[in-house]
Amino acid sequence: MTRSLQKTSPVLDGADSVVVLDFETTGLSPTQGDRAIEIGAVLIEHGQITDRFQQLMNPGFRISGFIENYTGITQEMLESAPPCEEVMAQFADFIGDHNLVAHNASFDRRFLDAELGFIQRDYGGGFACSMLIARRLYQEAPSHKLGVLVDYKNIPNDGVFHRALADSEMTARLWLLMLEDIKEQYSIAPVSFGLMQEVSQKPKASVARFLRAQA
DNA sequence: TGCCAGGCCCTCTTTAGGGCCTT
């Protein structure tokens, strides 16, 4: 169950389309045998969401009760889903060479790399982490979990968490809000993907100075 | 039955340890 995002005023230039993605998985580590069980993603173009991707996938083994409770995704739901390889081939076509964004991107990147590796596919875009940027822009936030940031920044949501498309849509709203905040606070426009990547790598204490120098 | 990973970041740091964040 999803719904459209409210329109957001464009703050990106035309070349800075990004795909915001989120995996639900059987656990924390693909190197320990964990697999993806759902992928959700939205495409942002010109500062607005223009496309969506959501698909459950069958990892080929029984998932834990913890994951069923955490995500609401049941074993029964996965038994009727297509295998990971089929879904990830479709998803590789969806992301193409777009730049990518995820909340705690190191996690999603590990699974993206692992699942695409199984089918000998790759991607050509960069990867940015909304959590690392939020830690720098919103240093006073009570935490930088996605759900806490959504509440802290009053980001509209339908109350669904830990499902791939819902989390990717909330991450996309957070991403667009961070672009708006940088634009308004530092008079930078357009705010490029490359600039956001740079922000994510700056020491916390020097981010404001760095952004002021970009104006 | 209980536990498992990994990158980032802070500090009582760098010859380390532990919290945060993702499922």
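Here is how names work: the chains are called A, B, and so on, in the same order as the sequence lines, proteins then strands, and each is numbered from 1. Just so you know, these numbers use all the heavy atoms, side chains as well, and skip hydrogens, waters and symmetry mates.
The A:Asp167 side chain lies nearest to B:dT23 when the options are B:dA5, B:dG6, B:dT23. Comparing B:dG7, B:dT22, B:dT23 against the side chain of A:Ser106 picks out B:dG7 as the nearest. Picking from B:dT23, B:dC10, B:dA5 the nucleotide with the shortest atom distance to the side chain of A:Lys204 gives B:dC10. Comparing B:dA5, B:dC8, B:dT23 by their closest approach to the side chain of A:Glu24 singles out B:dT23. When each of B:dT23, B:dC8, B:dT22 is scored by its nearest atom to the side-chain atoms of A:Arg135, the top-ranked nucleotide is B:dC8.
Mapped onto DNA chain B by nearest heavy atom, A:Pro203 and A:Thr26 fall at different nucleotides, with A:Pro203 at the one closer to the 5' end.
Side-chain nitrogen and oxygen atoms of A:Ser143 include at least one within less than 4.0 Å of the OP1 or OP2 phosphate oxygen of B:dC21. Contact between the side-chain N/O atoms of A:His103 and the OP1/OP2 oxygens of B:dC21 is not found at any separation under 4.0 Å. The phosphate of B:dG6 (OP1 or OP2) has a side-chain N or O of A:Thr31 nearer than 4.0 angstrom. Within the structure, a side-chain polar atom (N or O) of A:His144 is placed less than 4.0 Å from OP1 or OP2 of B:dC21.
Between B:dG6 and B:dT1, the distance separating the two C1' atoms is 25 Å to the nearest Å.
Atom CD of A:Glu79 is surrounded by more than 12 heavy atoms from other residues, nucleotides or ligands within 6.0 Å.
Between A:Lys153 and A:Asp181 there is a salt bridge, since a side-chain N of the basic residue sits under 4.0 Å from a carboxylate O of the acidic one.
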